[in-house]
Amino acid sequence: MSAEQRGRRFFADPSLSHFEGRFFLYPTTDGSPEWAASSFRVLSSTDLAQWDDDGVILRLGEDVAWADRFAWAPSAAERDGRFFFYFTADDNIGVASAPSPRGPFVDSGRPLVARGAYPGRAIDPSVFVDDDGTAYLVWGNTVAHVARLSDDMLAIDPETVSSWEHPTFREAAHLHRRGDRYFLTWSENDTRDPSYRVRWADGPGPHGPWEDRGVLLEQRPDAGIYATGHHSILRLPGTDEWVIAYHRFAVPDGDGYRREIVIDPLRYSAVGDLVPVEPGSHAIRLTSSLVPETLDT
Ligand code: FUB
């Protein structure tokens, strides 16, 4: 590994939120084989371009007693001034809460979705809050699940779980709504494969039924961009402008364990369909770090 490579920071699985007038990114800390991170950090920004690393917000094994490895793919939501952090921990999904988007997060004490409770792997939680305030958790690998969250945001209602299988559904399911249309987006293929990419479907409600509408975002070999997947979608507050945050192999010389985050505009056609994303932007820039360290080995 070159000297230049050694000081680099790698992040993946970006979950982008806007809380208290600031953008927050909740990612997986990347840079180790088999995605071996055991803690979560949060990044924040005012402009989506320059990002502060606000440090560690949850440590598996220390803050989470029931799992100590594979800290992956989180998502966050706010309700009544409290912040809820959904995370993967060793193929279970947990939830922690805090008075601020930067924590300190306190784990609920048990998995919210335990390994094996539903078909497929219990990974990649994503929270969606509908216009009427109802919150849903979306998760899964090979099978996508959607369930209503309880009013206190700490449990799913098992009576409401709907499951969805699609020949290309791999992981990273994400829900968003624009007007009366709901959009389910997800990753297909393997995150270590250059062909990892995002696909979309739409439907009339948070449980579908879903109609596959095609590929939303994929590699651009001519520009050296590969494995564009695991995304989240955010409407910029007070506008009808949208962005998509996703990861790709870090440029240059990245791979499925050294990924970086990009934020690109997301556009809709005149009839409200999603328009394929043109990947090409620079990865996010970290301008300050509370805890400088080198994460890659
Ligand atoms: O970052 C670890 C895993 O890689 C995530 O859970 C998947 O979605 C894939 O991005």
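Whatever order the structure lists ligands and atoms in, that order sets their numbers, starting from 1.
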Rounding to 0.5 Å, atoms OH (Tyr246) and OH (Tyr196) come to a distance of 13.5 Å

What class does the angle between the rings of Tyr182 and Phe128 fall in, given that below 30° is parallel, 30 to 60° is tilted and above 60° is perpendicular? perpendicular

**Request:** Using the six-membered ring of Phe183, assess whether NZ or CZ of Arg177 lies under 6.0 Å from its centre and within 45 degrees of the ring axis.
**Result:** no

- Can you check whether Phe87 and Tyr26 have ring centres sitting under 6.0 Å from each other? no

Could you walk me through whether Trp242 and Tyr268 pass the ring-ring contact (aromatic ring centres under 6.0 Å, His included) check? CA-CA 9 Å; Trp242 297 73; Tyr268 299 85; 5.6 Å; yes

Heavy atoms of Asp124 and Ala172 approach each other most closely as OD2-N, 3.1 Å

Please produce the table of protein N or O atoms sitting under 3.5 Å from N or O atoms belonging to ligand 1, one pair a line, distance to 0.1 Å.
unit_1: ligand 1; atom_1: 1 (O); unit_2: Asp13; atom_2: OD2; d: 2.5
unit_1: ligand 1; atom_1: 1 (O); unit_2: Arg259; atom_2: NH2; d: 2.8
unit_1: ligand 1; atom_1: 4 (O); unit_2: Arg259; atom_2: NH1; d: 3.2
unit_1: ligand 1; atom_1: 6 (O); unit_2: Asp124; atom_2: OD1; d: 2.6
unit_1: ligand 1; atom_1: 8 (O); unit_2: Asp124; atom_2: OD1; d: 3.4
unit_1: ligand 1; atom_1: 8 (O); unit_2: Asp124; atom_2: OD2; d: 2.6
unit_1: ligand 1; atom_1: 8 (O); unit_2: Glu171; atom_2: OE2; d: 3.4
unit_1: ligand 1; atom_1: 8 (O); unit_2: His230; atom_2: ND1; d: 2.7
unit_1: ligand 1; atom_1: 10 (O); unit_2: Asp13; atom_2: OD1; d: 2.7
unit_1: ligand 1; atom_1: 10 (O); unit_2: Arg259; atom_2: NH1; d: 3.1

